[in-house]
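The figures that follow rest on heavy atoms only: side chains count, while hydrogens, waters and symmetry mates do not.
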Amino acid sequence: MPYVRTASLAALVALLALALLSSLPGDPAAGIAGAQGGGGVTLTLLHNNDGESALLPLSNTIEAGGRTVEVPVAGIAAYGAVVERELAEARADGHAVLAVYAGDAYLSSAAFICGQREGSPFFDAVAQGAIPYDAHVIGNHEFDSTPDVLERFIRSFGGQPFLSANLDFSGEPGFADLVDDDGLIELPIAGGRVVGRSMILDDPVSGARFGLVGATTPGLTTISIPRNVAVTPDLAATATAVQSEIDRLLARGVNKIVFVSHLQSLESDVAIVALLRGVDIAVSGGGHALLQNPAVDASLQVLPGELTPVEGKYPLEATDADGRTIYLVTTAGHYRYVGRLDAVFDASGEVESIVAASSYPRPVVPASEAAALAGFAGAVVPDPTLVATVEEPIAACLAGLASTTVATTEVLLDVSRAGVRGGESNAGNLVADAFLHAYDRAAPGLGLPQRGPDNPVVAIQNSGGIRQNAGDTLPTSGTAPGEIFLVNTLDVLPFPNAVSVVRNVSPAELKAVFEVSGERYPAPSGAFLQIGGIVAVYDPSQPAGERVVSLTLATARRSSQVARSSRAHRLSRS
């Protein structure tokens with residue numbers, strides 16, 4: 001049964017009047033109205049997410065010709081070339097085209113820091129400003145360095161829109177001249193007001209009209225620093241905010257709607273789609289999931305040497321509140337893939353079909369001898385302007401940081417996402433122990449008591465703060481012994497967080513902290529704590545909130561135990 005959209009009586013009257021006017025011979029609006037909604041159209045949706053300042057090419061290892069070969073992959077210059085290739089192909093076929101970015105444009109890292117130095121451009125903005133995005137959705141990492149850096153980022157563009165239906169910037173004066181007056185952006189943008197909740201786009205070639213609605217994770221206040229930017233408290237409230245924008249677009253006669261979000265996982269997007277009415281296609285950000293179209297040869301859809309597991313079908317099929325099928329897409333991050341979905345809309349604005357032969361992620365592979373040796377046919381020549389304005393200056397900056405040795409290690413340190421978020425990690429141990437060392441060194445000058453039995457000190461580091469900007473191990477060569485350089489410290493611990501001392505923490509308060517740490521185990525979680533000065537024992541068979549079996553201070557193993565159980569997993573050490 002086709003889905004019939006409803007709107008207010010006033011909106012229906014307005015639409016009826018528009019239909020009557022557009023049918024009058026000689027009326028100049030007739031051609032426009034007919035092009036926007038009168039017939040079917042094929043939309044090519046180009047999308048990506050979670051670039052996270054990974055602007056330079058990476059490398060994957062393959063076996064070819066009887067030897068190990070490093071194949072260059074990703075990089076913003078090659079990414080831009082793939083976007084332009086796909087856009088040109090879609091236009092040649094007469095398609096409408098939308099290009100959207102689903103959040104986490106930048107992330108604190110050595111490359112990000114290079115763009116924050118005095119006199120340097122904001123390289124992430126230079127890079128994304130060169131890509132023909134129709135809209136950006138705001139992610140959680142955009143707030144990691146407070147809204148001030150996000151403001152600078154947005155002002156660095158030449159007018160590309162930024163969307164989120166569930167964020168309220170009214171508490172941040174710096175955004176007063178950036179936020180659209182009614183939250184619905186229409187082109188051309190007037191007065192630089194590029195921040196909105198939704199937008200309307202008229203495709204310049206096909207004349208088809210589309211609506212875009214954005215959303216940001218409601219967990220923003222616990223995982224980033226939005227300061228005075230208000231966010232909806234949960235998924236249900238987020239859905240209400242999004243639905244309000246959808247309804248507004250429908251009332252304006254927009255019958256092809258794309259929802260672009262940064263909700264941190266595909267599961268969250270499936271859940272919110274189930275609460276919505278009127279969305280046709282959803283783009284997910286934050287989950288780094290690699291999807292694959294089973295109707296297309298796998299070799300066309302994955303990078304040479306790709307180790308990321310495929311998590312589902314491209315596109316996924318979700319169900320909305322009216323039982324309609326909504327097509328949901330995402331890509332793995334770090335500019336490694338350009339997602340492309342070709343959707344055929346009928347005259348009523350319903351997705352009639354997905355073009356299976358052309359709907360799949362495009363791997364980003366710069367042309368090289370190694371790519372040819374790998375047999376990869378889709379390699380591209382990187383965009384020379386992006387090479388010169390982004391990749392080369394960042395590489396020069398990083399080369400300076402990489403020339404300073406800060407340590408040597410006799411063992412390989414595991415900084416991988418799975419390693420630090422899924423259990424005890426030797427790199428996590430090192431970080432926490434370094435915090436204890438920092439306390440010992442700084443305490444006398446700060447008037448703090450010496451660490452010991454009478455003044456136990458515990459160090460904690462949430463695993464989400466240990467990053468993989470330069471890979472999964474230190475040394476980055478993957479072998480030990482080896483050197484650790486200044487650039488590695490910025491890559492692994494990039495966030496500008498100071499070591500803070502919180503005094504007089506009670507056993508009950510400490511237990512509550514560790515309950516949050518263990519509530520998702522064995523599933524990986526950025527909240528899982530890497531620790532020093534204490535032993536934590538969990539029982540993952542118990543419900544969340546009741547998993548801490550014991551917490552034992554390293555200075556008083558017996559007296560500080562708060563519980564015991566025979567069914568316990570020791571997940572972290574002193």
Side-chain angles (χ1 to χ4, degrees), residues 140 143-144 217-227 230-237 264-265 268 419-425 428-429 431-436 438-439 448-449 451-466 493 495 497-574:
N140 55 284
F143 294 95
D144 285 348
T217 174
L220 185 63
T221 56
T222 61
I223 60 176
S224 195
I225 312 172
R227 204 165 58 196
V231 61
T232 45
D234 52 36
L235 201 66
Q264 297 289 83
S265 70
S268 294
V420 298
R421 297 187 181 210
E424 181 180 2
S425 159
N429 291 341
V431 169
D433 286 348
F435 291 170
L436 293 177
Y439 180 92
L448 295 171
R451 180 165 62 101
D454 296 330
N455 180 48
V457 178
V458 172
I460 60 174
Q461 165 66 48
N462 67 304
S463 295
I466 300 176
L493 296 174
F495 298 112
N497 300 326
V499 177
S500 299
V501 177
V502 180
R503 305 184 70 177
N504 301 317
V505 178
S506 71
E509 290 169 332
L510 198 60
K511 179 180 182 297
V513 169
F514 278 87
E515 289 290 2
V516 174
S517 170
E519 68 180 7
R520 292 181 60 186
Y521 185 84
S525 169
F528 185 83
L529 296 177
Q530 301 293 329
I531 62 178
I534 193 170
V535 175
V537 180
Y538 299 90
D539 183 353
S541 70
Q542 297 301 310
E546 301 177 16
R547 291 184 166 185
V548 173
V549 174
S550 68
L551 298 174
T552 309
L553 293 171
T555 53
R557 290 288 176 95
R558 295 183 181 275
S559 61
S560 60
Q561 294 171 2
V562 298
R564 278 293 180 197
S565 171
S566 60
R567 300 179 61 196
H569 289 202
R570 175 172 162 168
L571 301 181
S572 296
R573 63 45 135 169
S574 60

**Residues which pass side-chain hydrogen bond (donor to acceptor under 3.5 Å, both in side chains) with Ser268, listed by chain and number, not counting sequence neighbours** = Ser265
**Item:** Distance (rounded to the nearest 0.5 Å) between Thr221 OG1 and Asn140 CG
**Value:** 11.5 Å
**Prompt:** Of Val458, Leu510, Val513, which is the lone residue that meets side chain to side chain contact (heavy atoms under 4.5 Å, CB included) with Val505?
**Reply:** Leu510
**Item:** Flag side-chain contact, heavy atom, 4.5 Å: Gln530 against Val431
**Value:** no
**Item:** Minimal non-hydrogen separation, Gly532 against Ala432, with atom names
**Value:** N-CB, 3.4 Å
**Asked** Can you tell me if Ser550 uses its side chain to pair, donor with acceptor, with the backbone of Thr552 under 3.5 Å?
**Response** no
**Asked** Side-chain contact, heavy-atom cut-off 4.5 Å: Val535 with Leu551?
**Response** no
**With Ser517 via side-chain contact (heavy atoms from CB on, under 4.5 Å) - residues at least two apart** = Phe528, Leu529, Tyr538
**Item:** Separation of Asp433 CG from Ile531 CD1 (nearest 0.5 Å)
**Value:** 10.0 Å
**Complete:** Interatomic distance, CG@Leu436 vs CZ@Arg451, rounded to 0.5 Å, equals 4.5 Å
**Complete:** Shortest non-hydrogen pair, Gly419 vs Ser425, comes out as O-CB, 3.8 Å
**Request:** Could you pull out the closest heavy-atom pair between Pro218 and Pro233, with the gap in Å?
**Result:** CB-C, 4.0 Å
**Asked** Between Ser224 and Phe143, which heavy-atom pair has the shortest distance, and what is it?
**Response** OG-C, 3.0 Å
**Asked** What residues, two or more places apart in sequence or in another chain, satisfy side-chain hydrogen bond (donor to acceptor under 3.5 Å, both in side chains) together with Ser506?
**Response** Glu509
**Request:** Please step through side chain to side chain contact (heavy atoms under 4.5 Å, CB included) for the pair Ile460 and Phe514, ending with a clear verdict.
**Result:** CA-CA 10 Å; Ile460 60 174; Phe514 278 87; 4.2 Å; yes
**Asked** At their closest point, which heavy atom of Ile466 faces which heavy atom of Val420, and how far apart are they?
**Response** CG2-CG1, 4.1 Å
**Message:** Can you give me the closest heavy-atom contact between Glu515 and Arg547, atom names plus distance?
**Reply:** OE1-N, 2.9 Å
**Asked** Do Leu448 and Arg503 come close enough that some side-chain heavy atom pair is under 4.5 Å?
**Response** yes
**Asked** Can you name the salt bridge (Lys or Arg N to Asp or Glu O under 4.0 Å) partners of Glu546, sequence neighbours left out?
**Response** none
**Item:** Residues that Pro524 engages under side-chain contact (heavy atoms from CB on, under 4.5 Å), provided they are two or more places apart
**Value:** Arg421
**Prompt:** Among all residues two or more places apart in sequence or in another chain, which pass the side-chain contact (heavy atoms from CB on, under 4.5 Å) test with Asn504?
**Reply:** none
**Request:** Take Val501 and Tyr439 through the test side chain to side chain contact (heavy atoms under 4.5 Å, CB included) and record every step on the way to the result.
**Result:** CA-CA 8 Å; Val501 177; Tyr439 180 92; 3.9 Å; yes
